[in-house]
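Some notes on the structure that comes next.
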Amino acid sequence: MKHFVQSELLQSLPKQFFASLVDKVGKVIAQGHDVINLGQGNPDQPTPSHIVEALQKAVANPRYHKYSPFRGYSFFKEAVAAFYEREYGVKLDPEKEVAILFGGKAGLVEIPQCLLNPGDVVLVPDPGYPDYWSGVALARAEMAMMPLRAQNKFLPDYGELSKDVVEKAKLMFLNYPNNPTGAVATKEFFEETALFAAKHDICVVHDFAYGAIGFDGKKPISFLQAKGAKDVGIEIYTFSKTYNMAGWRVGFAVGNESVIEAINLLQDHLYVSLFGAIQEAAATALLSSQDCVKELVSLYESRRNTLVKALQQIGWDVTAPAGSFFAWLPVPNGWTSERFADFLLEKAHVVVAPGIGFGEHGEGYVRVGLLTSEERLEEAAQRVAKLGLFHAVKK
Ligand SMILES: Cc1ncc(COP(=O)(O)O)c(C=O)c1O
């Protein structure tokens, strides 16, 4: 069979670091071991039943068996606007300031193609979600990393970026609550960001994937709540985490009209919008009771508390995340994140994601997901304790 060579563009895409982790985990499972997988970010709970029922009903509606309107149904965009006003006090024009997306990932990967020319510079958080890199590569643009450090609460320090990089930058990705660090942003930080972006003509893309998941009674804030934010950027929201709808592929972008128009224009060429029944069920999710979201956040918070307590008890000096469903744990002295993750997999059959997979500044940490039961999280801590790397705290 003839082998067709991939385009230079495809060959230039970043290598998927976590693919090799999946292979390693598969081998240990194949040996028959009971593996506790804390390495992934796939929500473990089902979609709330009222949303599933809304889809079941909508599937039967012949209206949705036809092509959807190219830019999505107005009722869905109006529901998005109502949701933002209710949750964040942010007013949006549903037709001009909302774009429907096939999940947050699609929007994040599309954005560089919408706004950049080859060689343009994008500011990217390090550590950060690797899909930002994919979009930048597809647009043949360049990345300049913004280190996120513990001493700055995992917020970037714009003063640290070189003048040259700041002048060339056209786009910036941010993500709070943050994957992988679990950090949250403050209003002051978002306002500083909006000023910085306005001054240097940078479009801000705030990835609000974990927008619903804030702990200790603190609701994460939207970038659009900051003064001037809509002038300089957009926010990307997904149903994957808030409503456990990762498999449904539905999200939206909101904010700056010119950026929303650019996304819609690219999508006019790539797709027809989402299946109408999904749009109807998604609108139901936004407009009906949010008790399911409250319950989900308290489930994650309870898991977080159990994990942090168990790890501290075995002598692992960890800090509790303020949001997202990840904990960002420092590796013991003398270990790299990858060697430590390999060691936990081999000796304890516990999977964690090595920080280096999220960027150079992720070195020294591993990411743990709160996506399994408290019993399994405790068991993972017990298995790690047996390795003798930490010294239990005496009570
Ligand atoms: C930081 C971050 N952004 C975006 C996404 C994308 O979510 P989706 O494409 O399911 O909307 C994820 C999913 O893991 C994520 O962790």
Side-chain angles (χ1 to χ4, degrees), residues 16-19 21-22 37-47 51 72 76 80 83 98-112 122 124-136 138 146 148 154-156 171-185 204-214 220 222-223 233-254 263 267 270-271 274 278-279 281-282 285-286 296 300 321-328 353 355 357-359 362 367-371:
Q16 287 273 353
F17 177 88
F18 292 105
L21 181 68
V22 172
N37 193 343
L38 309 178
Q40 288 171 341
N42 207 346
D44 64 315
Q45 297 296 302
T47 306
I51 304 172
F76 184 22
V80 168
F83 171 79
V98 179
I100 305 302
L101 303 171
F102 286 82
K105 174 176 171 141
L108 293 164
V109 174
E110 285 163 13
I111 270 283
V122 186
V124 179
D126 175 4
Y129 180 58
D131 282 355
Y132 309 139
W133 315 341
S134 312
V136 174
L138 284 171
M146 299 190 291
L148 307 185
F154 298 110
L155 299 171
L171 191 68
M172 176 200 294
F173 284 107
L174 287 178
N175 164 226
Y176 294 97
N178 185 257
N179 175 8
T181 67
V184 295
V204 178
V205 177
H206 180 237
D207 176 1
F208 206 26
Y210 299 92
I213 310 172
S222 155
F223 174 59
I234 60 162
E235 186 152 84
I236 295 200
Y237 199 94
T238 170
F239 289 69
S240 297
K241 325 285 172 177
T242 309
Y243 304 105
N244 294 318
M245 290 167 67
W248 295 49
R249 310 313 305 138
V250 51
F252 54 84
V254 284
I263 295 174
Q267 295 194 148
L270 290 174
Y271 328 105
L274 282 70
I278 289 191
Q279 297 189 47
L286 297 176
L296 184 68
Y300 289 141
S324 84
F325 48 51
F326 297 113
W328 189 235
F358 301 95
R367 191 194 72 179
V368 164
L370 302 169
L371 302 169

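None of the values given here were measured: they were computed from a predicted structure. Whatever order the structure lists ligands and atoms in, that order sets their numbers, starting from 1. We use all heavy atoms of the structure for the numbers below, so side chains are in, but hydrogens, waters and symmetry mates are not.
In this structure, Tyr210 has a heavy atom closer than 4.0 Å to ligand 1. At least one heavy atom of Leu108 sits closer than 4.0 Å to an atom of ligand 1.
Annotation: Lys105 places an N or O atom under 3.5 Å from an N or O atom of ligand 1; distance criterion only. Taking distance alone, with nitrogen or oxygen atoms compared against 3.5 Å, Gly104 approaches ligand 1 more closely than that limit. The distance criterion of under 3.5 Å between nitrogen or oxygen atoms is not met by Asn175 with respect to ligand 1.
Considering every non-hydrogen atom in both Val250 and Ala282, the closest pair reads CG2-CB, 4.0 Å. Pairing each heavy atom of Ala353 with each of Gly39, the nearest pair is CB-O, 3.7 Å. Across Pro177 and Gly323, no two heavy atoms sit closer than the pair CB-C, 3.9 Å.
A distance-only check finds no donor-acceptor pair linking the side chain of Asp131 to the backbone of Trp133 [under 3.5 Å].
The protein heavy atom nearest to atom 9 (O) of ligand 1 is Arg249 NH2, 2.7 Å. Remark: minimum distance from atom 6 (C) of ligand 1 to any protein heavy atom is reached at Tyr129 OH, 3.4 Å. Closest protein heavy atom to atom 3 (N) of ligand 1: Asp207 OD2, 2.5 Å. Nearest to atom 13 (C) of ligand 1 among the protein's heavy atoms is Lys241 NZ, 2.8 Å.
Shown in contact with Ala209 at under 4.0 Å from a heavy atom are these atoms of ligand 1, numbered in order with element: 2 (C), 3 (N), 4 (C). Each of the atoms 8 (P), 11 (O) of ligand 1 lies under 4.0 Å from some heavy atom of Thr238.
Applying the side chain to side chain donor-acceptor pair (under 3.5 Å) test to Ser324 and every residue at least two apart in sequence or in another chain returns nothing. Tyr132 meets the ring-ring contact (aromatic ring centres under 6.0 Å, His included) test with Tyr129, Phe173; sequence neighbours excluded.
Shown here is Gln45, whose CD atom has more than 12 heavy atoms of other residues, nucleotides or ligands within 6.0 Å.
In summary, the aromatic rings of Tyr300 and Tyr210 are positioned with their centroids too far apart to meet the 6.0 Å limit.
The option from Ser240, Pro177, Ala246, Pro180 that lies nearest to atom 10 (O) of ligand 1, judged by heavy atoms, is Ser240.
For Arg367 and Phe326, the positive end sits near the middle of the six-membered ring, less than 6.0 Å away and at most 45° from its axis.
The proximity of Ile236 to ligand 1, defined as any non-hydrogen pair under 4.0 Å, does not occur for either the backbone or the side chain.
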